[in-house]
Asks: 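Sending over a structure as structure tokens; questions will come in a sec.
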Amino acid sequence: MSKSKSSETVKVVVRCRPMNEKERDAKFGRVVAVDVKLGQILVRNPKEASSSDHPKVFTFDSVYDWNSKQIDLYDETFRPLVDSVLLGFNGTIFAYGQTGTGKTYTMEGVRNDIERRGVIPNSFEHIFTHISRSQNQQYLVRASYLEIYQEEIKDLLSKDQTRRLELRERPDTGVYVKDLSSFVTKSVREIEHVMNVGNQNRSVGATNMNEHSSRSHAIFVITVECSELDVDGENHIRVGKLNLVDLAGSERQTKTGAQGERLKEATKINLSLSALGNVISALVDGRSSHIPYRDSKLTRLLQDSLGGNARTVMVANIGPASYNVEETLTTLRYSNRAKNIKNKPRINEDPKDALLREFQEEIARLKEQLEKRSGKKKKRRQRKRAGEGSDGEDLEDGETEDDDEEGDDKGDWREQQEKLERERKAIMEDHSLVAEEKVLLLKEKEKKMEDLKKERDAGEMLAAKVKAMESKLLVGGKNIVDHTNEQQKMLEMRRQEIAEQKRREREMQQQMDSRDEETLELKETYSSLQQEVDIKTKKLKKLFAKLQAVKAEIHDIQEAHINERQELEQTQNELTRDLKLKHLIIENFIPLEEKNKIVNRAYFDEEDEYWKTRPITRIEDDHQMMSRPLSAVGYRRPLSHHAHTAMMMRPDMRYKAENIMVLDMDLPTRTTKEYQEPVIAPKVAAALESALRDEDEIQVDASGLHSSLGATLPTGASLKKPKSGRPRTGKKSSTPASPFSPSSPGSPLYPQCRGLVPK
Ligand code: ADP
Ligand code: MG
């Protein structure tokens, strides 16, 4: 259920920072004038000759010059927004502008300086003061802190700073960051600690903090849940969410000469910011039905803040010096468009995901458990009082600390413990008992004591849990009568009144100005022709000046548009070049077949905006693989349907019972030929055959040797070579110098060189 409210526009305020020392030293001129009363910013462009007479004028909801104080901004612009968050509206504060113009100063400011602290710390103070003054309400405040850098979301409060989070969408609650941590905070100190931890994590890993912060968006989120009983006694919960956004620097990121990774990085850096610009344009255009929220993480996440269910304030920060004039004008034009965005804020009542409801339910459940325990105990106590005394069983009853009976409880517990101790001693001293019996009894007593302790601990833990949970729920009204508080409250109210009055004055002034021009001619009656000429000339001059201003504005916008287009074209050219290189590599070095396979597997994930590849095997698509084999029923052994059919078709007795299927081997096709002997000439064949003959079959003719040595061996005895373990190879060693070599060379029967004799 939510109370709907009519639409309202995004509030845009402009803040101009003071000249810094460098600018003063370099003697830069001031080109920005701020008319706080009228809510106007006047900019002279030193490059244009006519600009000193006709400065460019921009009107906003309010404007703040270099003398503005943080607290003034807060009271006039941010306090009403935070107040509505406390009522259950969503609220967003954006800080937009070039790097170094005071975005972080406006959002965070100087932390430990009350005068100079920014919106975020001021809102902490505001929220917790509000809660402390509330009555009959329960609050739960939690905080998250995230950063978007190069289109990646980082949780600044998480322990693992390398993890990247993803956006998810639910129809009921909209876009959210999955797994973003949030911390329940009970006081200003605690929420400040959360912010400090986040800030420390933000600077970790950044080689140059200034550069990093100028390229990343930081979003601090405070969720305030408030529960209150309505007149019917029903509990209602309202949830307000406050987004505090310190955007990346709006200056153009240079990407000249960048290639590959660097180019991709450069195009990503300001993607969120240009997407934000496109969303704003589409929203105020009125003609476009499609709002490109999905183009970037930032716009998706803050979709509600732009044209949705939220109140939004945009702070445009500018610098006063002449060298920044182009950026200043761009910022003013950008935020000027944002003025026309219409939001439809409403109170978020009883949303499904309210954490407070979960807390309340959990506390009620735990309390019920506690109640049960104390109920049992009370009964026991009553029994004791009635004179029944206590037997051993009673000791198993739990022990808890009720607020009113705490002292009683403690006494009770001690009493029981003492009693057990006494009993234990009595057993020890009882000599009539056998030793084993004694041990048994003692053990029993000890167990009872332990049980008693366990029970007590469990009860204590339960009570502590309830206390811890309850302490997270904040209730006010504690020091409502505090005198200083009263005074402070009065002061704040006064300040708010003044802020409101200022705002009304400014509006009236703006209205009067515009009406002046319209009614100028109506009320004038001319006394003479000359007077008419004079007045009309004056009017003409005024209108002419206006015309010139509008023309100049058109010219400027056209120029800015052309610049933007050129830049886009340049980026496109570079990306195309990059793409061509990738094409070249793919076409020439990746087989077409492989490429097609990858192309078929690839799909675009809309949610993550990434190309992904499906796994190679897709079992879910393949029903044959998915379905389990059917069993054939009615057999002695389990048999699959498939085996059954196979058996029927080709009965194979051997495997019938084993449920084994016989498949023919799937032989591969042959890739070799049969060996065919070469044809050899008969002479060569004979020589080969004799050469390959086994050594054992070879006899050595030692007759020549015999005669030369002088008959030491019996005549006719032939020398046989001993069998050797040498593997037989086709080659036979030839040793012409051997003493066994035949004395008669040129013998036709045997090969000369070997001197071997065939058998
Ligand atoms: P950004 O976050 O836009 O890059 P910073 O907030 O870091 O810029 O501001 C740059 C410097 O200017 C800081 O030193 C800051 O203290 C100073 N500064 C910015 N705005 C103001 C202001 N309104 N009054 C005084 N000092 C300011
Ligand atoms: Mg900054």
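What's counted below: heavy atoms across the whole structure, side chains too, no hydrogens, waters or symmetry copies. Each ligand, and each atom within it, is numbered from 1 in the order the structure gives.
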Asks: Less than 6.0 Å separating the ring centroids of Phe183 and Tyr145?
Replies: no
Asks: Could you list which atoms of ligand 1 come closer than 4.0 Å to a heavy atom of Pro18?
Replies: 21 (C), 22 (C), 23 (N), 24 (N), 25 (C)
Asks: Which is it for Glu8 and Lys344 under the salt bridge (charged side-chain N to carboxylate O under 4.0 Å, His left out) test, yes or no, and what are the steps along the way?
Replies: CA-CA 6 Å; Glu8 61 179 45; Lys344 294 177 238 17; over 6 Å; no
Asks: Applying a strict 4.0 Å limit to heavy atoms, is Gly249 in contact with ligand 1?
Replies: no
Asks: Less than 4.0 Å is my threshold; does some heavy atom of Gln98 fall inside it relative to ligand 1?
Replies: yes
Asks: From the Mg ion (ligand 2) out to just under 2.8 Å, does an N/O/S atom of Ser214 turn up?
Replies: no
Asks: Salt bridge check: are Arg117 and Glu108 linked by an N-O gap of less than 4.0 Å?
Replies: no
Asks: So which protein heavy atom does atom 2 (O) of ligand 1 come closest to, and at what separation?
Replies: Thr104 OG1, 2.7 Å
Asks: Any N or O on Asp246 sitting closer than 3.5 Å to an N or O of ligand 1?
Replies: no
Asks: Would you say Cys16 and ligand 1 have an N/O pair spaced under 3.5 Å apart?
Replies: no
Asks: State whether the shortest distance between N or O atoms of Lys103 and N or O atoms of ligand 1 falls below 3.5 angstrom.
Replies: yes
Asks: Could you check whether atom 17 (C) of ligand 1 has a protein contact, counting only heavy atoms that fall below 4.0 angstrom?
Replies: no
Asks: Answer yes or no: is there an ion pair linking Glu151 with Lys297, defined by an N-O contact shorter than 4.0 Å?
Replies: no
Asks: Take Phe128 and Tyr139 through the ring-ring contact (aromatic ring centres under 6.0 Å, His included) test and state the conclusion after the steps.
Replies: CA-CA 10 Å; Phe128 285 100; Tyr139 283 90; 9.4 Å; no
Asks: Heavy atoms of the protein only: does one fall short of 4.0 Å from atom 25 (C) of ligand 1?
Replies: yes
Asks: With a cut-off of 4.0 Å, which atoms of ligand 1 are near a heavy atom of Thr99?
Replies: 4 (O)
Asks: Considering only NZ, NE, NH1 and NH2 on the basic side and carboxylate oxygens on the acidic side, decide whether Arg294 and Glu169 come within less than 4.0 Å.
Replies: yes
Asks: Using the salt bridge (charged side-chain N to carboxylate O under 4.0 Å, His left out) rule, take Arg503 and Asp61 through it: C-alpha gap first, then chi angles, then the decisive distance, then the call.
Replies: CA-CA 8 Å; Arg503 195 183 57 77; Asp61 290 296; over 6 Å; no
Asks: In the protein, what heavy atom is nearest to atom 15 (C) of ligand 1, and what distance, to one decimal place, separates them?
Replies: Tyr105 CD1, 4.0 Å
Asks: Can you report which non-hydrogen protein atom sits closest to atom 19 (C) of ligand 1, along with the distance?
Replies: Gly102 CA, 3.5 Å
Asks: Assess whether a salt bridge exists between Arg142 and Glu225, defined as any Lys/Arg side-chain N lying under 4.0 Å from an Asp/Glu carboxylate O.
Replies: yes
Asks: Tell me every residue that passes salt bridge (Lys or Arg N to Asp or Glu O under 4.0 Å) with Arg170, counting only those two or more places apart in sequence or in another chain.
Replies: Asp172
Asks: What residue and heavy atom of the protein are closest to atom 12 (O) of ligand 1, and at what distance?
Replies: Arg17 CD, 4.2 Å
Asks: So which protein heavy atom does atom 4 (O) of ligand 1 come closest to, and at what separation?
Replies: Gly100 N, 2.6 Å
Asks: Does some non-hydrogen atom of Asn317 fall short of 4.0 Å from ligand 1?
Replies: no
Asks: With a 4.0 Å cut-off, would you call Arg133 and Glu492 a salt bridge?
Replies: yes
Asks: Measuring from the heavy atoms of Arg15, does anything fall under 4.0 Å of ligand 1?
Replies: yes
Asks: Listed by chain and number, what are the ring-ring contact (aromatic ring centres under 6.0 Å, His included) partners of Tyr176, not counting sequence neighbours?
Replies: none
